[in-house]
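Working notes, structure below.
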Amino acid sequence: VARIVTLQRELGAPFAKAASKLGLLTRDDIETAIGFQHGFIREGEGEGRLPAGLVIVRRPRSRQAEQFRALRTRLLTSKEGESIGLFAIAAHGASADHVALNLAASFAQIRKRVLVLDADLRDERLSRAFGLTAGPGLSETLNGECDIRKAIRPTIIANLSVLTAGETAADSHELLAGEALRLTLEYLRCAYDAVIVMTAPYGAVADAQFVWAAAEKAFVVARRHRDRLPQLKDLNVALRQVGASVIGAALAG
């Protein structure tokens with residue numbers, strides 16, 4: 001600390017910049033400290049690490065963070081805002097985890113009890129993002145191998161918990177098509193103020209449609225300069241076919 005303060009005086013620079021110049025703090029250290037300072041991170045509580053792309057915690061004054069707060073406000077002030085409860089993320093051809101996690105953290109910052117659920121049983125995206133072990137998670141819950149209350153884990157982000165996908169499931173299609181998923185989502189609707197469900201990208205496999213049908217609501221994410229109108233029309237048709245209403249949309253990238 002003394003070395004940092006000395007260089008800080010010499011350069012007339014902020015503490016963080018002086019510490020970085022000396023190689024004593026990384027950007028990740030500084031952004032995590034900012035999260036503690038703003039009360040976004042649990043001190044000594046929760047599991048895992050801070051996801052790399054979580055700009056609303058790492059850079060709360062950035063333009064990107066402000067866009068996520070504006071998106072949160074639009075959702076809360078919409079016609080369905082009071083009962084927004086649980087919704088799935090729908091994207092074509094690629095995951096939209098950046099949007100899902102930042103949106104979840106934005107709700108947590110206004111003291112909502114938030115859960116992020118990874119319903120892509122062919123991958124372990126949520127556990128990788130937070131640096132958590134793969135399971136137990138949704139896969140084990142749907143198989144009846146684990147009580148859901150034991151599978152849910154609090155993160156280091158205040159008010160934000162996660163239910164990971166669990167161990168990669170070869171029979172993911174069958175697990176998601178069963179009644180157990182609908183009952184699981186019904187329980188989570190009652191247990192949390194906001195539940196955001198990550199799904200497999202729409203395209204090669206049909207896993208996402210089962211999740212959209214059980215969630216009943218979807219938030220669409222399109223990729224700038226990558227997704228084309230015919231693809232988004234296909235996505236919209238797929239959502240309508242399973243009876244999922246679109247509560248909002250975002251353009252990412």
Side-chain angles (χ1 to χ4, degrees), residues 71-72 74-97 99-101 103-104 107 112-123 125-126 137-139 141-144 148 152 162-166 169 171-223 227-252:
L71 184 57
R72 174 192 67 197
R74 287 197 293 273
L75 285 171
L76 289 174
T77 55
S78 66
K79 285 194 297 184
E80 297 186 4
E82 289 300 318
S83 58
I84 201 165
L86 181 149
F87 61 90
I89 300 293
H92 192 291
S95 65
D97 300 350
V99 174
L101 295 180
L103 198 52
F107 283 114
K112 298 285 187 183
R113 292 171 300 134
V114 184
L115 177 81
V116 179
L117 165 62
D118 188 352
D120 182 358
L121 303 186
R122 298 173 189 265
D123 205 346
R125 296 172 3 225
L126 186 58
L138 181 62
S139 179
T141 297
L142 297 180
N143 268 318
I148 190 172
I152 292 172
V162 295
L163 176 56
T164 63
D171 59 345
S172 62
H173 196 81
E174 290 76 14
L175 283 176
L176 296 174
E179 181 70 3
L181 176 63
R182 188 187 67 80
L183 294 174
T184 297
L185 297 190
E186 283 299 322
Y187 166 76
L188 296 176
R189 279 189 182 95
C190 297
Y192 292 89
D193 297 320
V195 180
I196 298 178
V197 185
M198 294 163 46
T199 66
Y202 174 66
V205 296
D207 292 8
Q209 285 97 309
F210 290 118
V211 182
W212 299 340
E216 300 176 357
K217 297 178 184 177
F219 184 90
V220 175
V221 178
R223 298 170 296 169
D227 291 332
R228 296 292 180 257
L229 187 57
Q231 295 173 320
L232 296 177
K233 284 182 175 179
D234 287 345
L235 180 60
N236 184 53
V237 169
L239 287 165
R240 288 178 180 274
Q241 285 175 340
V242 299
S245 60
V246 176
I247 62 168
L251 185 63

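The structure displayed is predicted, hence computed values, not measured ones.
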Can you tell me how far CD of Glu216 sits from CD of Glu186, rounded to the nearest 0.5 angstrom?
6.5 Å

How long is the span from the CG atom in Leu181 to the CG atom in Leu175, to the nearest 0.5 Å?
9.5 Å

dist Leu163:CG -> Leu126:CG (nearest 0.5 Å) comes out at 8.5 Å

Locate the shortest heavy-atom distance separating Trp212 from Ile89; write the atom from each residue and the value.
NE1-O, 3.7 Å

Any idea which heavy atoms bring Ala206 and His173 closest together, and the distance?
CB-CE1, 3.8 Å

Considering non-hydrogen atoms only, spot the tightest contact between Leu71 and Ala249 and give its length.
CD1-O, 4.3 Å

Using 30° and 60° as the class boundaries, would you call the ring planes of His92 and Tyr202 parallel, tilted or perpendicular?
perpendicular

Let me confirm one number: the CD-CG distance from Gln231 to Asp234, rounded to the nearest 0.5 Å.
8.0 Å

Value rounded to 0.5 Å, distance of CG in Leu86 from SG in Cys190
10.5 Å

Drop me the distance from Leu138's CG to Asp118's CG, to the nearest 0.5 angstrom.
8.0 Å

Return the orientation label for the Phe219 and Phe87 ring planes: parallel under 30°, perpendicular over 60°, tilted otherwise.
tilted

Judged by modelled atom types alone, do Asp207 and Ser172 share a side-chain donor-acceptor pair under 3.5 Å?
yes

